[in-house]
S.K.: 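The structure follows.
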Amino acid sequence: MEKQIRVAVAGAKGRMGQEVVKMLGEDAQLIFTGNLDTRGDEESIRLQMEEMKPDVLVDFTTPHSVYRHMEICLQYGIRPVVGTTGLTPEQLQEMTDRYREAGLGAIIAPNFAIGAILCMKFAALASKYMPHVEIIELHHDRKLDAPSGTALKTAEMIAAVREELKQGHPEEKEIIAGARGAEYEGFRIHSVRLPGMVAHQEVLFGAVGQTLSIRHDSISRESFMPGVNMAIKAVVNMNSLIYGLEHLID
Ligand code: NAP
């Protein structure tokens with residue numbers, strides 16, 4: 001059997017964390033060593049680390065705690081697999097630099113579902129040929145950040161290849177502020193929050209006489225687990241930070 005990997009989970013009792021613990025229990029190579037809770041003092045964190053001795057920390061917590069968890073992993077030499085969204089682009093860049101300097105592997109993925117990764121890739125490809133685009137993301141109403149990390153990542157991937165273009169009528173006027181959504185590099189992102197939703201995204205394109213829509217739906221949180229499993233097994237052999245699961249599946 002492959003070498004076993006010790007995995008602690010921050011947020012193990014949350015909606016995503018519970019799925020992660022179940023997935024770990026079904027894979028003999030992965031050992032769940034406990035729920036890391038960082039809401040105590042430094043000493044409490046040190047004691048938890050001593051007990052759990054994790055190789056990897058899987059983080060599904062909150063946008064408020066994820067930055068600190070990245071710092072704790074650096075401090076203890078643990079490789080993080082982070083699904084929590086909400087890190088700012090500046091924080092991401094800072095962590096990329098610090099993990100590179102430390103020679104420590106890390107994976108941050110705004111979406112671990114393979115279909116969502118494909119949605120992003122297809123959207124980026126389409127935007128080369130159909131640059132008029134809008135993103136609509138739809139999530140459950142317990143979500144803290146907007147737009148979703150997935151929408152932000154999709155927008156970055158589109159902006160990297162799409163010709164510069166300011167969409168819509170130049171004299172467009174919002175009757176209610178925010179009606180046209182958030183602006184990102186000349187195109188719009190809309191966030192919907194409703195009970196009953198899990199994680200959904202539609203990327204809409206328009207051109208003369210035609211439209212194209214690319215849609216992905218996560219209808220259960222199990223959809224993210226094959227990606228989390230793959231990331232845990234990959235990160236133990238890495239020595240820098242990657243942002244986005246697409247870097248593992250080319
Ligand atoms: P959730 O159900 O609210 O779970 C969050 C958990 O984190 C709770 O159990 C909470 O504990 C715990 N927590 C909060 N602060 C903590 C800290 N400092 N240390 C340890 N644990 C702490 O949220 P969720 O739906 O699982 O989502 C979690 C995150 O994952 C969100 O950012 C969401 O956007 C993201 N997400 C990512 C993906 C992906 O594929 N990347 C997919 C789905 C969701 P208490 O309940 O005791 O406060």
Side-chain angles (χ1 to χ4, degrees), residues 7-23 32-42 44-49 51-52 54 57-73 75-76 78 80-88 91-92 106-120 137-154 191-201 216-232 234-235 241-249:
V7 184
V9 180
K13 294 183 182 150
R15 286 173 292 249
M16 286 295 288
Q18 288 180 45
E19 283 296 334
V20 174
V21 173
K22 188 163 148 251
M23 177 274 287
F32 172 53
T33 64
N35 177 24
L36 176 76
D37 197 315
T38 59
R39 285 169 283 193
D41 57 12
E42 291 294 331
S44 124
I45 294 168
R46 193 187 65 74
L47 288 172
Q48 290 181 70
M49 286 299 189
E51 197 181 313
M52 295 184 209
L57 175 71
V58 174
D59 187 309
F60 281 101
T61 57
T62 69
H64 314 296
S65 48
V66 59
Y67 177 84
R68 170 140 168 69
H69 292 176
M70 294 294 294
E71 289 201 304
I72 291 171
C73 283
Q75 185 184 343
Y76 286 90
I78 295 163
V81 167
V82 176
T84 309
T85 49
L87 280 176
T88 64
Q91 288 176 327
L92 256 174
I107 297 176
I108 301 178
N111 203 312
F112 282 101
I114 180 81
I117 310 301
L118 293 174
C119 175
M120 292 180 206
E137 56 96 343
L138 311 90
H139 282 80
H140 59 88
D141 62 347
R142 303 289 88 201
K143 188 165 175 58
L144 291 172
D145 52 321
S148 70
T150 306
L152 207 53
K153 176 82 179 166
T154 308
S191 297
V192 177
R193 296 291 175 266
L194 286 172
M197 300 275 181
V198 179
H200 316 260
Q201 175 164 284
H216 174 258
D217 298 275
S218 270
I219 51 180
S220 89
R221 291 184 174 81
E222 272 181 300
S223 64
F224 304 111
M225 291 309 120
V228 176
N229 184 294
M230 179 173 43
I232 294 169
V235 80
L241 185 154
I242 61 166
Y243 171 53
L245 207 65
E246 65 278 11
H247 298 294
L248 292 185
I249 52 168

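Both counts, for ligands and for their atoms, begin at 1 and track the order of listing. We're numbering straight along the sequence, starting at 1.
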S.K.: Taking it one step at a time, do K143 and D141 satisfy salt bridge (charged side-chain N to carboxylate O under 4.0 Å, His left out)?
M.R.: CA-CA 5 Å; K143 188 165 175 58; D141 62 347; over 6 Å; no
S.K.: Sequence neighbours left out, what passes side-chain hydrogen bond (donor to acceptor under 3.5 Å, both in side chains) with N35? Give chain and number order.
M.R.: none
S.K.: Indicate whether any N or O donor in one side chain lies under 3.5 Å from an N or O acceptor in the other, for H139 and S191.
M.R.: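 Absent: no donor and acceptor within the cut-off.
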S.K.: Every pair of nitrogen or oxygen atoms between ligand 1 and the protein that is under 3.5 angstrom apart - can you list them with their distances to 0.1 Å?
M.R.:
residue	atom	partner	partner atom	Å
ligand 1	2 (O)	R15	N	2.8
ligand 1	2 (O)	R15	NE	3.3
ligand 1	9 (O)	G14	N	3.1
ligand 1	11 (O)	R39	NH2	3.2
ligand 1	18 (N)	T38	OG1	2.9
ligand 1	19 (N)	T38	N	3.2
ligand 1	19 (N)	T38	OG1	3.3
ligand 1	25 (O)	R15	NE	3.0
ligand 1	25 (O)	R15	NH2	3.4
ligand 1	26 (O)	R15	N	3.4
ligand 1	26 (O)	M16	N	2.8
ligand 1	32 (O)	T85	N	3.3
ligand 1	34 (O)	T85	OG1	3.0
ligand 1	34 (O)	K143	NZ	2.9
ligand 1	40 (O)	F112	N	2.8
ligand 1	41 (N)	G83	O	3.1
ligand 1	41 (N)	A109	O	2.9
ligand 1	41 (N)	P110	O	3.1
ligand 1	47 (O)	R39	NH2	3.3
ligand 1	48 (O)	R39	NH1	2.9

S.K.: Taking side-chain hydrogen bond (donor to acceptor under 3.5 Å, both in side chains) as the test, write out the residues that go with Y243, two or more places apart.
M.R.: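 For Y243, no residue satisfies side-chain hydrogen bond (donor to acceptor under 3.5 Å, both in side chains) once neighbours in sequence are set aside.
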S.K.: Please collect all salt bridge (charged side-chain N to carboxylate O under 4.0 Å, His left out) contacts where either partner lies in residues 63-73, sequence neighbours excluded, each pair once.
M.R.: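 Residue pairs with at least one partner in residues 63-73: E42-R68, E71-R98.
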S.K.: For T154 and Q201, test the side chains for any donor-to-acceptor distance below 3.5 angstrom and give the result as yes or no.
M.R.: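 Yes, side-chain donor-acceptor contact under 3.5 Å.
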